[in-house]
Amino acid sequence: MKILVCVKQVPDTNEVKIDPVKGTLIREGVPSILNPDDANALEAALRIKDRDPGTRVAALTMGPPQAAYMLRECLAMGADEAYLLSDRAFGGADTCATSTTIAAGIRKVPGVDIIFAGRQAIDGDTAQVGPQVAQRLGIPVVTYVQDIRLGDGKATVQRQMEDGYERIEVRTPCLLTCVKELNEPRYMSVGRIVDAYQKEIAVWDHAAVGLDGKDCGLNASPTQVFRSFTPPQKGKGEMLAGSVGEMAKSLIGKLDEKHLI
Ligand SMILES: Cc1cc2nc3c(=O)[nH]c(=O)nc-3n(C[C@H](O)[C@H](O)[C@H](O)COP(=O)(O)OP(=O)(O)OC[C@H]3O[C@@H](n4cnc5c(N)ncnc54)[C@H](O)[C@@H]3O)c2cc1C
């Protein structure tokens with residue numbers, strides 16, 4: 001069996017701070033990381049490989065050349081193959097163009113039986129890419145997957161809901177988008193880090209995945225970000241004083257004043 005995992009390199013949004021004076025985002029020194037949900041997706045694939053050593057795991061990303069470092073991390077965790085879709089023509093892609101390119105890349109990877117992706121990327125935050133890739137490949141998709149059992153030609157999964165889960169049986173090939181509750185991703189091992197630098201990463205441009213330049217990136221993006229801004233900072237908090245009763249009364253008065261109750 002071969003499992004392909006879609007992985008994205010993202011800025012560590014926990015490290016992004018707002019400049020209190022200028023009100024702008026401080027991006028300097030913010031590290032790039034493997035998107036957290038994608039680490040869970042990769043871990044799920046690696047656990048299947050642990051149980052069935054005949055399994056091969058491929059990691060695929062669309063991104064700039066430096067995304068190769070993240071792919072090396074995936075190899076160092078235990079992935080067998082890595083694919084980087086990188087081309088200026090892919091720049092400015094919205095989710096529609098991103099999924100077109102990723103689906104074209106997946107079609108070029110030999111022998112893929114099942115595809116894993118993260119539920120959501122912590123930068124774009126749309127959760128659209130996984131389902132769109134499945135739609136372009138004409139295969140079923142289950143989102144928010146928190147448990148995976150693979151059987152003969154099918155996967156039995158738990159789909160996370162707000163107040164429980166659904167148990168779904170889906171035929172393979174299919175695409176599953178994974179949530180953090182699925183597992184605890186493993187660390188890279190020293191031996192594998194060394195090995196990861198011996199392995200080749202296939203780098204493909206638009207021609208290599210059989211796409212015309214006009215079908216990628218900004219050219220093929222129905223949406224355009226025309227303005228982005230930092231949200232205004234919350235005002236200073238106010239401490240209430242007095243006895244518990246007085247504070248409660250004062251709080252109710254303030255909430256009432258703002259028509260919040
Ligand atoms: C007009 C416009 C212009 C944009 N321009 C740029 C730009 O120039 N540069 C830029 O970096 N972003 C740009 N973006 C953002 C870009 O659209 C999204 O980052 C991208 O489409 C992925 O969406 P997302 O981050 O919401 O991923 P989600 O849909 O939240 O991701 C879900 C899962 O899909 C998979 N996935 C998502 N993206 C990738 C990827 N690239 N490779 C492999 N797997 C992936 C991962 O498994 C991930 O967990 C632009 C967006 C718009 C609307």
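Order of listing sets the numbers, starting from 1, for every ligand and every atom in it. Since we're looking at a predicted model, the values are computed, not measured. By convention here, the first residue in the shown sequence is residue 1.
In this structure, of Asn40, Val129, Asp125, Val7, the residue bringing a heavy atom nearest to atom 35 (C) of ligand 1 is Val129. Summarising the contacts of atom 1 (C) of ligand 1 with Asp94, Thr223, Thr126, the nearest heavy atom is found in Thr223. Looking at Ala97, Cys96, Ala93, Pro131, it is Ala93 that brings a heavy atom closest to atom 13 (C) of ligand 1.
For the residue pair Thr95/Gln132, the side-chain donor-acceptor check at 3.5 Å is satisfied. Side-chain contact, Arg159 with Thr143: a donor N or O sits under 3.5 Å from an acceptor N or O.
Residue Asp37 places every heavy atom at 4.0 Å or more from ligand 1. Put simply, part of Leu60 is less than 4.0 Å from ligand 1, judged by heavy atoms. Heavy atoms of Arg119 come nearer than 4.0 angstrom to ligand 1 in at least one pair. Note on ligand 1: Ser221 sits outside its first shell, no heavy atom being nearer than 4.0 Å.
Protein heavy atoms all stay at least 4.0 Å away from atom 11 (O) of ligand 1.
Close approach of ligand 1 to Met62 (heavy-atom distance below 4.0 Å) involves ligand atoms 40 (C), 41 (N), 42 (N), 43 (C). Atoms of ligand 1 found under 4.0 Å from any heavy atom of Thr98 (numbered from 1 in listed order, with element): 20 (C), 21 (O). Residue-ligand proximity, Thr61 to ligand 1, at heavy-atom distances under 4.0 Å covers atoms 42 (N), 43 (C).
A continuous path of ILVMFWY side-chain contacts below 4.5 Å connects Ile114 to Leu42, so both sit in one hydrophobic cluster.
When side chains are defined from C-beta on, Gln120 does not count as touching Thr177, because their heavy atoms never get closer than 4.5 Å. Contact of the Glu43 side chain with the Glu184 side chain is not registered, since no non-hydrogen atoms from C-beta on lie closer than 4.5 Å.
Residue pairs meeting the ring pair (Phe, Tyr, Trp, His ring centres under 6.0 Å) criterion with at least one member in residues 188-228, sequence neighbours excluded, are Tyr83-Trp204.
Checked against a 3.5 angstrom limit, the closest N/O atoms of Val225 and ligand 1 fall outside it.
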